[in-house]
Asks: 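Mind looking over this structure? Questions follow.
In what follows, every chain begins at residue 1, and chains take the letters A, B, ... in the order their sequences are listed.
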Amino acid sequence: MASMRVKDALAADVGSAVTLKGWVRTRRDSKAGLSFIQLHDGSCFDPIQVVAKTDLSNYEAEVLHLTTGCAIEVDGELVESKGKGQRVELLASALRVVGMVEDPDTYPASAKRHSFEYLREVAHLRPRTNTFGAMARVRHRLAYAIHSYFENNGFYWVHTPIITTSDAEGAGHLFRVSTLDAMNPPLTEDKQNVDWHEDFFGKQSFLTVSGQLNVETYCCALSRVYTFGPTFRAENSNTSRHLAEFWMIEPEIAFADLADNAKLAEGLLKYVFDDLLTHCADDAAFFDQRIEKGLIDRLKHVIASPFRTLPYTEAVEILQKSGKKFEFPVEWGSDLQSEHERYLTEEAFNQPVVVVDYPKDIKAFYMRMNDDQKTVAAMDVLVPGVGELIGGSQREERLDVLDARLDEMGLPKDEYGWYRDLRRYGTVPHAGFGLGFERLVMYCTGLQNIRDAIPFPRAPGQAAF
RNA sequence: UCCCCGAUAGCUCAAUGGUAGAGCGAGCGGCUGUUAACCGCUAGGUUCCAGGUUCGAGUCCUGGUCGGGGAGCCA
C-alpha cells in the first residue's frame with residue numbers, strides 16, 4: 001500500500017489503495033456506525049476526510065478517543081465521497097495510533113479559533129493551525145521563487161558571513177558575539193576596558209546587520225550576485241514591523257545604475273508574486289478569504305502595473321500640493337513617513353512607485369552622489385497596501401567621493417580598508433537593494449504582525465522555543 | 001525607548017465595591033453520511049504578582065511582570 005501525502009491523495013484516482021499519515025484536526029461521530037476524521041499532514045491547505053467504521057478492530061478502544069492533535073496512520077481506499085464538501089475521502093481499512101494527545105482537556109491548540117497573540121505563546125504547536133501552516137508553505141514558496149528568479153537571470157547566491165568584526169556599518173545596534181567570561185573578562189592594562197584582543201577573533205565581533213558590504217566584493221567579480229540569509233538588529237524596538245532576527249535578500253549588480261536596480265526590483269517582485277499565486281493557490285485563497293480581503297487582487301494589480309519612477313523632489317511637491325492633511329509635515333530634506341509613502345502609491349498613482357534621488361543627509365555613506373551634489377542615487381520601492389517594501393541604491397564607486405562622504409559623516413576610514421580597496425582595483429558602477437523577507441511574507445499573506453510571518457520570532461524579551 | 005489599552009476556566013470573553021458566569025474545547029450520554037455538526041448533563045478558578053484602601057476588592061490606589069496598539073528607528 002503506497003504511502004502518500006494528503007496533497008497527492010486529494011488529487012489521486014478513486015480506487016487507489018493508500019496509506020496516509022498525519023494529525024487529527026477534528027473527529028465527528030455518527031451513530032450510523034462511522035466516524036469522520038479530518039486528517040492533515042501539512043502538504044497542502046486542505047485536510048482529507050477519513051471515514052472510520054465500527055468494524056475497525058480498535059474503533060471503540062481508540063478511534064472514539066481521538067482528539068485534535070493526535071497522530072495517526074491510516075490504510076484504506078480512496079473513494080468518492082457520499083457527502084458534500086470533498087471529492088474523495090479515505091475509507092479506512094486499518095487505523096493505527098502513533099501518538100495520542102496526553103490530556104485533551106488542556107491541549108493548547110484545540111480545534112477552535114485562537115488569537116495570534118496566544119499562538120505565539122505556543123509557537124511549537126501553532127504550525128498545526130490553518131494560518132501558520134499556510135504561512136510556512138508560503139514562506140517556503142517565496143524563498144524558492146526568489147532563488148528561481150535569480151537562477152533564471154544569471155545570479156549567484158553568495159553566503160555572506162553571520163559574524164562580522166566591523167562595528168561601523170551604521171545600521172542600528174549590534175549583538176555582540178564573544179567567548180569571554182562575562183563575569184570576569186580580561187581587562188586592559190589600565191583596567192578601564194575589556195581587552196577584546198583576548199576574545200575569540202582577537203577583536204570585537206558581532207552578528208551581521210547586513211550582508212551588503214560583503215556581497216559588493218563578490219559583485220565586483222561575479223557581476224550578478226545576491227545574499228539571502230539571517231540578519232540581526234539589537235534595536236529595542238517593539239513594533240509589529242520589526243524583529244531582532246530576520247531574513248533579508250540583497251541582490252547586487254555590476255556595470256549597473258539606479259535604473260537597472262529599479263528594473264531588477266520590479267522583475268523580482270512580479271515574478272515571485274506570480275509564482276506564489278500559481279503554486280500556493282489554496283493558501284493564497286485562504287489568506288484572501290480569512291486574513292485580508294482583496295489580497296489576491298492586490299497582488300495581481302502589482303503584477304499587471306508598470307512601476308513608476310518618481311524623483312524624491314517631485315514626490316515632495318506632489319505631497320505638498322495634495323491638500324491632504326498629514327500627521328507629519330512634508331518638507332524637502334526630511335525622510336518620507338509611512339503615511340506619505342502610502343499616499344503616493346495608493347492615492348496619487350495607484351501603482352507601485354519607485355522614489356529615487358533622496359537628499360544625501362538622510363541616506364547612508366555608500367550611496368552614490370548625484371551630480372547636483374545634494375541628492376544620492378537611492379531608491380525606495382513603494383507598493384499599495386504597505387508602503388515601502390524595498391530600499392536600495394547605486395553604490396559610490398569613486399574612491400575620492402566615497403572618502404569625502406566617510407569624512408563628512410565622521411566614519412573611520414581605516415575600518416573600511418577592504419571596502420575602499422574595491423574602489424582602487426578596477427572599480428565599476430554597481431547597485432543593489434535590500435528586501436526584508438518577513439515583510440514580503442506579510443505583504444503576500446496579509447498578516448499584520450511580523451512575528452506571525454516567521455516560524456520562531458525573536459524580539460526584545462522574546463526568544464523562547 | 002516614549003504614549004495609550006489590557007491580563008478572570010484549556011481558549012475567547014462577561015460580572016454597579018457585596019455568593020465567579022457564558023460560549024467554545026474536554027468527559028459522559030443522545031441523534032445524524034457528518035462538514036469548526038446538533039441536543040442534554042458533568043467537571044473545570046490562587047480573577048498575572050507584591051503591597052495598600054475598605055466591614056468587604058476580579059472591580060479602587062501604588063509598584064512590578066507579561067501581552068496588544070501607536071510613535072521613533074528601520075528591512
Asks: Between the side chains of A:Asp29 and A:Arg27, is the shortest nitrogen-to-carboxylate-oxygen separation below 4.0 Å, so that they form an ion pair?
Replies: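 Between A:Asp29 and A:Arg27 there is a salt bridge, with a charged N closer than 4.0 Å to a carboxylate O.
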
Asks: I'd like to know if A:Glu266 pairs up with A:Lys263 as an ion pair, taking the criterion as any Lys NZ or Arg NE/NH1/NH2 lying under 4.0 Å from an Asp or Glu carboxylate oxygen.
Replies: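 No, A:Glu266 and A:Lys263 are not salt-bridged.
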
Asks: So, OP1 or OP2 of B:G67: does either fall under 4.0 Å of a side-chain N or O from A:Gln462?
Replies: yes

Asks: Would a line drawn from the ring center of A:Phe116 to the ring center of A:Phe132 be shorter than 6.0 Å?
Replies: yes

Asks: Starting at the 5' end of RNA chain B, which residue's closest nucleotide do you reach first, A:Val51 or A:Leu64?
Replies: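 Result: A:Leu64.
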
Asks: Using the P atom as the reference point in each nucleotide, state the distance between B:U59 and B:A20 in Å, no decimals.
Replies: 13 Å

Asks: Among side-chain atoms of A:Ser393 and A:Arg395, is any donor-acceptor pair under 3.5 angstrom?
Replies: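 Yes, A:Arg395 and A:Ser393 have a side-chain donor paired with an acceptor closer than 3.5 Å.
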
Asks: For the pair made of CD in A:Glu341 and C1' in B:C73, what is the distance, rounded to whole Å?
Replies: 13 Å

Asks: Starting at CZ of A:Phe437 and ending at C1' of B:C74, how long is that distance when rounded to a whole Å?
Replies: 19 Å

Asks: State whether A:Arg5 and A:Asp41 are salt-bridged, where the test is any N-O pair (Lys NZ or Arg NE/NH1/NH2 against Asp/Glu carboxylate O) under 4.0 Å.
Replies: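 No.
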
Asks: Over how many whole Å does the gap from A:Arg451 atom CZ to B:G69 atom C1' extend?
Replies: 12 Å

Asks: Would you say A:Arg28 places a side-chain N or O within less than 4.0 Å of OP1 or OP2 belonging to B:A37?
Replies: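 It does, given that an N or O in the side chain of A:Arg28 lies less than 4.0 Å from OP1 or OP2 of B:A37.
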
Asks: Rounded to the Å, how far apart are A:Gln448 CD and B:G67 P?
Replies: 20 Å

Asks: Toward the 5' end of RNA chain B, which comes first, A:Pro460 or A:Leu243, by nearest nucleotide?
Replies: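 The 5'-side residue here is A:Pro460.
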
Asks: Tell me whether the guanidinium CZ or amine NZ of A:Arg458 lies under 6.0 angstrom from the six-membered ring centre of A:Phe232 and within 45° of its axis.
Replies: no

Asks: What nucleic acid atoms does A:Thr26 come within less than 4.0 Å of, heavy atoms only: base, sugar-phosphate, or nothing?
Replies: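 Result for A:Thr26 = sugar-phosphate.
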
Asks: Among B:G68, B:G30, B:U12, which is the nearest nucleotide to the side chain of A:Asn449?
Replies: B:G68

Asks: For the side chain of A:Asp105 and the base of B:G25, is some donor closer than 3.5 Å to an acceptor across the two?
Replies: yes

Asks: Heavy atoms from C-beta onward define the side chain here; which of B:G33, B:U35, B:G72 lies closest to that of A:Gln38?
Replies: B:U35

Asks: Are A:Arg126 and A:Asp452 close enough for a salt bridge, meaning some N to O gap below 4.0 Å?
Replies: yes

Asks: What integer number of Å spans the C1' atoms of B:A26 and B:U62?
Replies: 40 Å

Asks: Using a cut-off of less than 4.0 Å, is there contact between a side-chain N or O of A:Asn236 and OP1 or OP2 of B:C73?
Replies: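 Checking A:Asn236 against B:C73: no side-chain N or O falls below 4.0 Å of OP1 or OP2.
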
Asks: If you only use heavy atoms from C-beta on, which nucleotide in B:C28, B:G33, B:G25 is closest to the side chain of A:Ala32?
Replies: B:G33

Asks: Mind checking whether A:Arg405 and A:Tyr366 have side chains closer than 4.5 Å, heavy atoms only?
Replies: no

Asks: How many whole angstroms separate atom CG of A:Asn238 from atom P of B:C4?
Replies: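 Those two atoms, CG and P, are 16 Å apart.
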
Asks: So does A:Glu339 pair up with A:Lys324, basic N to acidic O under 4.0 Å?
Replies: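 Not counted as a salt bridge, because no side-chain N and carboxylate O are separated by less than 4.0 Å.
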
Asks: Which listed nucleotide (B:A36, B:C73, B:A37) is nearest to the side chain of A:Ser237?
Replies: B:C73

Asks: Taking the P atom in each of B:C73 and B:A14, what is the distance between them to the nearest angstrom?
Replies: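 Each nucleotide's P atom is 36 Å from the other's.
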
Asks: Would you indicate which nucleotide in B:C31, B:G68, B:G72 comes nearest to any side-chain atom of A:His242?
Replies: B:G72

Asks: If you compare every side-chain N and O of A:Ser240 against the phosphate oxygens of B:G70 (OP1, OP2), does one of them come in below 4.0 Å?
Replies: yes

Asks: Of the options B:C74, B:G10, B:G67, whose atoms approach the side-chain atoms of A:Arg233 most closely?
Replies: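 Looking only at heavy atoms from C-beta outward on A:Arg233, the closest nucleotide is B:C74.
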
Asks: Less than 4.0 angstrom between a side-chain N/O of A:Gln49 and OP1 or OP2 of B:G33, yes or no?
Replies: no

Asks: Measuring to OP1 and OP2 of B:G70, would you say a side-chain N or O of A:Arg241 lies under 4.0 angstrom away?
Replies: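 Indeed not, no polar side-chain atom of A:Arg241 lies that close.
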
Asks: Considering only atom P, compute the distance from B:A57 to B:U19 and round it to an integer number of Å.
Replies: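 My reading of the P atoms in B:A57 and B:U19 gives 12 Å.
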
Asks: Say you pick atom P in B:U47 and the same atom in B:U32; how far apart are they, in whole Å?
Replies: 44 Å

Asks: How does RNA chain B look in dot-bracket form if you count Watson-Crick and G-U pairs under 3.5 Å, write [ ] for pairs that cross, and put | where a base pairs with another strand?
Replies: (((((((..((((....[..)))).(((((.......))))).....(((((..]....))))))))))))....

Asks: Nearest to the side chain of A:Arg120, which nucleotide is it out of B:G72, B:G68, B:U34?
Replies: B:G68

Asks: Nearest whole Å is fine: how far is B:G27 C1' from A:Leu66 CG?
Replies: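 Computing the A:Leu66:CG to B:G27:C1' distance gives 15 Å.
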
Asks: Of the candidate nucleotides B:U12, B:U32, B:G68, which contains the atom at the shortest distance from the side chain of A:Ser115?
Replies: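 For the A:Ser115 side chain, the nearest candidate turns out to be B:U12.
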
Asks: A:Ser35 and A:Tyr59: side-chain donor and acceptor closer than 3.5 Å?
Replies: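 Result is yes, a qualifying pair exists.
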
Asks: Which value, in whole Å, describes the distance between the C1' atoms of nucleotides B:C31 and B:G21?
Replies: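 Here B:C31 and B:G21 have their C1' atoms 29 Å from each other.
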
Asks: From B:C73, B:U35, B:G27, pick the nucleotide closest to the side chain of A:Gln337?
Replies: B:C73

Asks: Which whole number of Å gives the distance between the P atom of B:G25 and that of B:U12?
Replies: 15 Å

Asks: Please report the distance, rounded to the nearest Å, between NE2 in A:His340 and C1' in B:G72.
Replies: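 The answer, rounded to whole Å, is 15 Å.
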
Asks: Work out how far the C1' atom of B:A43 is from that of B:A22, and round it to whole angstrom.
Replies: 16 Å

